[in-house]
Amino acid sequence: MRTATLGPAQRAESLAAMAERELDVLVVGAGVVGAGTALDAVTRGLSTGLVEARDWASGTSSRSSKLIHGGLRYLEMLDFALVREALKERGLLLERLAPHLVKPVPFLYPLQHKGWERLYAGSGVALYDAMSMARGHGRGLPMHRHLSRGHALRVAPALKKDALVGALQYYDAQMDDARFVTTLVRTAAAYGAPVANRARVTSFLREGERVVGARVQDVEAGGEYDIHAKQVVNATGVWTDDTQSMVGERGQFHVRASKGIHLVVPKDRIHSSTGLILRTEKSVLFVIPWGRHWIIGTTDTDWDLDKAHPAASSADIDYLLEHVNSVLSVPLTRDDVEGVYAGLRPLLAGESDATSKLSREHTVAHPVPGLVVVAGGKYTTYRVMAKDAVDEAVHGLDLRVADCVTEDTPLLGAEGYRALWNARKRVAARTGLHVVRVEHLLNRYGAMAEEVLELIAADPSLGEPLHAADDYLRAEIVYAASHESARHLDDVLTRRTRISIETFDRGTRSAREAAELMASVLGWDKDQVEREVQHYEKRVEAERESQRQPDDLTADAARLGAPDIAPR
């Protein structure tokens with residue numbers, strides 16, 4: 001099938017198209033759930049639109065642990081249904097829907113007690129594997145194995161000898177969360193859904209008590225659009241309560257925000273060939289392989305401050321370093337930390353005050369006619385959440401609507417990916433790129449890597465890496481602006497690539513080169529390039545300052561010292 005090019009012209013066309021005629025479904029919010037909902041609706045044959053106030057995945061869906069997993073710890077809570085559902089989704093993503101984006105990742109669980117702990121934890125991991133296989137989607141991952149202490153230390157020499165008496169190793173999966181959402185959006189667009197980022201809903205359109213659409217402000221070009229729809233789906237995550245207030249409804253449930261922070265350190269700081277999963281007094285701590293880096297996380301604390309830019313405090317960073325250093329033979333210090341990011345989980349509020357005990361399950365409601373709300377859940381089960389949201393919307397449509405087909409609808413780039421991967425040496429020879437560069441592109445774009453290679457063929461200078469971020473080619477910056485809706489420098493350095501957390505300078509040394517590459521696509525003059533660079537530098541400094549603060553309140557105030565970018 002054709003791919004969808006999401007450049008400046010397509011964005012303007014999409015907003016005009018959505019305002020031109022009544023849609024069957026308008027989705028508000030383009031995190032993973034909103035993007036998945038748009039794909040589900042459009043592939044059932046419904047006329048569907050998608051709007052996002054900021055950038056694709058700019059909230060929770062770009063700030064996760066980057067894991068696609070069943071949730072091993074939920075077995076301990078006896079939440080078998082949630083684990084079973086997530087394991088099925090993990091298998092579908094690995095094998096069918098997004099093999100170019102979702103990859104297996106090994107984890108080592110150190111055992112600290114002889115005898116009973118191996119039996120207890122081993123039984124849980126064995127059940128985890130068995131449940132995966134029983135769903136028919138677990139054959140793509142190796143089974144777990146029991147390791148002696150000596151074997152575990154050979155696999156993960158970074159561990160203290162006295163930190164374990166043995167270990168278990170099992171497999172889950174990981175992805176680049178922001179790239180995954182961008183691909184979801186492009187897939188929905190390829191099937192005919194008009195989509196627009198930087199398009200903020202300012203109010204809902206009403207006829208009596210019924211919601212019949214939304215008023216949308218074009219944050220980039222100015223102007224407002226009245227977009228009419230038979231059903232509107234509110235998929236705004238931690239902003240759910242705020243969005244609900246636009247219809248004067250408190251809603252049938254309340255969403256609380258839980259802050260989780262992650263650290264990124266270079267690969268050579270932790271000598272291990274496997275990820276780690278460690279118990280803490282509150283939850284679990286992951287050390288996750290991430291290219292030439294490790295991601296360490298996460299925390300789980302209540303947050304009621306700024307939702308757009310949650311801040312990591314000095315206390316948060318100390319918490320993670322303290323816990324990971326409890327098992328490392330060579331401890332990490334602040335100087336080892338390349339990147340820090342904070343995200344907010346949208347949790348359905350329960351009776352417990354501890355956010356780690358709030359529900360990770362999702363819910364769907366129809367609070368007023370014409371408006372569906374979906375909230376909660378886990379990244380891994382986004383497709384199920386989207387299906388349930390569209391099923392609920394269909395109840396309000398006077399139409400015969402097809403059943404969900406997303407279980408059998410691969411994302412863009414999946415079809416042909418394995419064939420290109422097998423031919424990657426020939427692709428390297430044809431393009432003049434090193435095979436490692438070709439592998440990098442295939443694992444970020446799948447078969448759409450050919451579109452990036454076409455840019456390089458037309459301008460060989462784009463085949464060079466960025467000077468201060470060698471992992472990424474200059475063509476990827478251009479492609480982000482021309483094909484993936486990147487509107488600002490922050491979109492590219494933070495979400496289309498991960499330069500903002502993968503370099504010690506947090507992307508400031510790459511900012512000008514990237515902005516100048518984007519300028520050729522977006523028509524920026526020198527003044528706009530300068531504004532973009534200055535804004536990015538101020539954002540990085542505000543984040544650094546927030547991470548020096550002792551608590552959430554002072555960290556939030558420091559982070560808000562850098563305003564959002566304003567378009568020309």
Side-chain angles (χ1 to χ4, degrees), residues 6-7 52 54-59 61-64 66 176-183 197-198 220 262-264 266 290-293 295 308-312 337-343 440-441 444-445 452 455 462 464-522 524 528-547 559 562-567:
L6 301 182
E52 161 58 44
R54 297 189 296 156
D55 185 29
W56 316 134
S58 55
S61 295
S62 62
R63 306 178 190 193
S64 73
K66 326 236 182 276
D176 182 329
D177 47 10
R179 174 143 301 283
F180 188 92
V181 173
T182 296
T183 306
N197 58 353
R198 311 280 177 185
E220 291 291 302
H262 295 79
L263 310 180
V264 182
W290 181 255
R292 296 199 294 177
H293 318 268
I295 293 175
H309 305 294
V337 177
E338 292 173 289
V340 181
Y341 65 94
H440 163 87
L441 294 177
R444 282 171 52 75
Y445 307 96
V452 182
L455 293 177
L462 298 181
E464 297 296 319
L466 290 169
H467 290 107
D470 184 68
D471 285 347
Y472 298 95
L473 299 180
R474 288 162 53 87
E476 295 181 78
I477 308 301
V478 173
Y479 188 80
S482 63
H483 286 68
E484 297 180 335
S485 304
R487 301 288 304 172
H488 294 285
L489 183 57
D490 185 59
D491 299 343
V492 167
L493 297 181
T494 306
R495 286 174 291 278
R496 302 306 183 279
T497 71
R498 293 313 190 135
I499 294 170
S500 67
I501 59 172
E502 293 176 348
T503 57
F504 281 104
D505 61 90
R506 309 280 173 96
T508 55
R509 291 175 58 217
S510 302
R512 187 166 301 279
E513 182 181 6
E516 289 171 351
L517 289 165
M518 295 177 71
S520 63
V521 178
L522 300 176
W524 292 348
Q528 181 66 12
V529 168
E530 194 62 38
R531 278 194 293 271
E532 293 283 337
V533 172
Q534 288 183 7
H535 169 267
Y536 186 80
E537 290 173 345
K538 288 177 181 176
R539 194 212 85 174
V540 169
E541 181 49 42
E543 286 184 348
R544 288 188 186 276
E545 183 61 28
S546 72
Q547 291 154 21
R559 175 59 186 88
D564 284 339
I565 185 72

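- Not a single donor-acceptor pair under 3.5 Å links the side chain of D55 to the backbone N or O of A486.
- Note on R559 versus E543: salt bridge recorded, some NZ/NE/NH1/NH2 to OD/OE distance being below 4.0 Å.
- Proximity of a side-chain donor or acceptor of E541 to a complementary backbone N or O of K538 within less than 3.5 Å is not detected.
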Go through R444 and D176 one step at a time and tell me if the side-chain contact (heavy atoms from CB on, under 4.5 Å) criterion holds. CA-CA 8 Å; R444 282 171 52 75; D176 182 329; 4.2 Å; yes
Given the rule in the salt bridge (charged side-chain N to carboxylate O under 4.0 Å, His left out) test, do R495 and D491 qualify, once you have shown the distances and angles that lead to the verdict? CA-CA 5 Å; R495 286 174 291 278; D491 299 343; 2.8 Å; yes
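- With sequence neighbours excluded, the residues forming a side chain to side chain contact (heavy atoms under 4.5 Å, CB included) with I501 are V264, Y341, R498, listed by chain and number.
- Of the inter-residue distances, the one linking E516 atom CD with R474 atom CZ reads 8.5 Å to the nearest 0.5 angstrom.
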Set out, in order, the CA-CA distance, both residues' side-chain angles and the distance that settles side-chain contact (heavy atoms from CB on, under 4.5 Å) for T503 and R509, then state yes or no. CA-CA 9 Å; T503 57; R509 291 175 58 217; over 6 Å; no
Would I499 and V492 count as a side-chain contact (heavy atoms from CB on, under 4.5 Å) here? Give the steps. CA-CA 8 Å; I499 294 170; V492 167; over 6 Å; no
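- A salt bridge does not link E338 to R506: none of the charged side-chain nitrogens sits closer than 4.0 Å to a carboxylate oxygen.
- No donor-acceptor pair under 3.5 Å is formed between the side chain of E464 and the backbone N or O of L473.
- Under the rule for a side chain to side chain contact (heavy atoms under 4.5 Å, CB included), the partners of E537 that lie at least two apart in sequence or sit in another chain are T508, V533.
- Using a cutoff of 4.0 Å between basic side-chain nitrogens and carboxylate oxygens, D490 and R539 are scored as salt-bridged.
- Only one option out of H309, H535, H488 pairs with D564 in a side chain to side chain donor-acceptor pair (under 3.5 Å); it is H309.
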Run the side-chain contact (heavy atoms from CB on, under 4.5 Å) check on D177 and S61 step by step: do they pass? CA-CA 6 Å; D177 47 10; S61 295; 5.7 Å; no
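- In summary, the aromatic rings of H440 and Y472 are positioned with their centroids under 6.0 Å apart.
- The closest donor-acceptor contact from the side chain of S546 to the backbone of A311 lies at 3.5 Å or more, if one exists at all.
- In terms of modelled atom types and a separation under 3.5 Å, the side chain of E52 and the main chain of R54 share a donor-acceptor contact.
- Between the side chain of R496 and the main chain of I477, no donor-acceptor pair closer than 3.5 Å is present.
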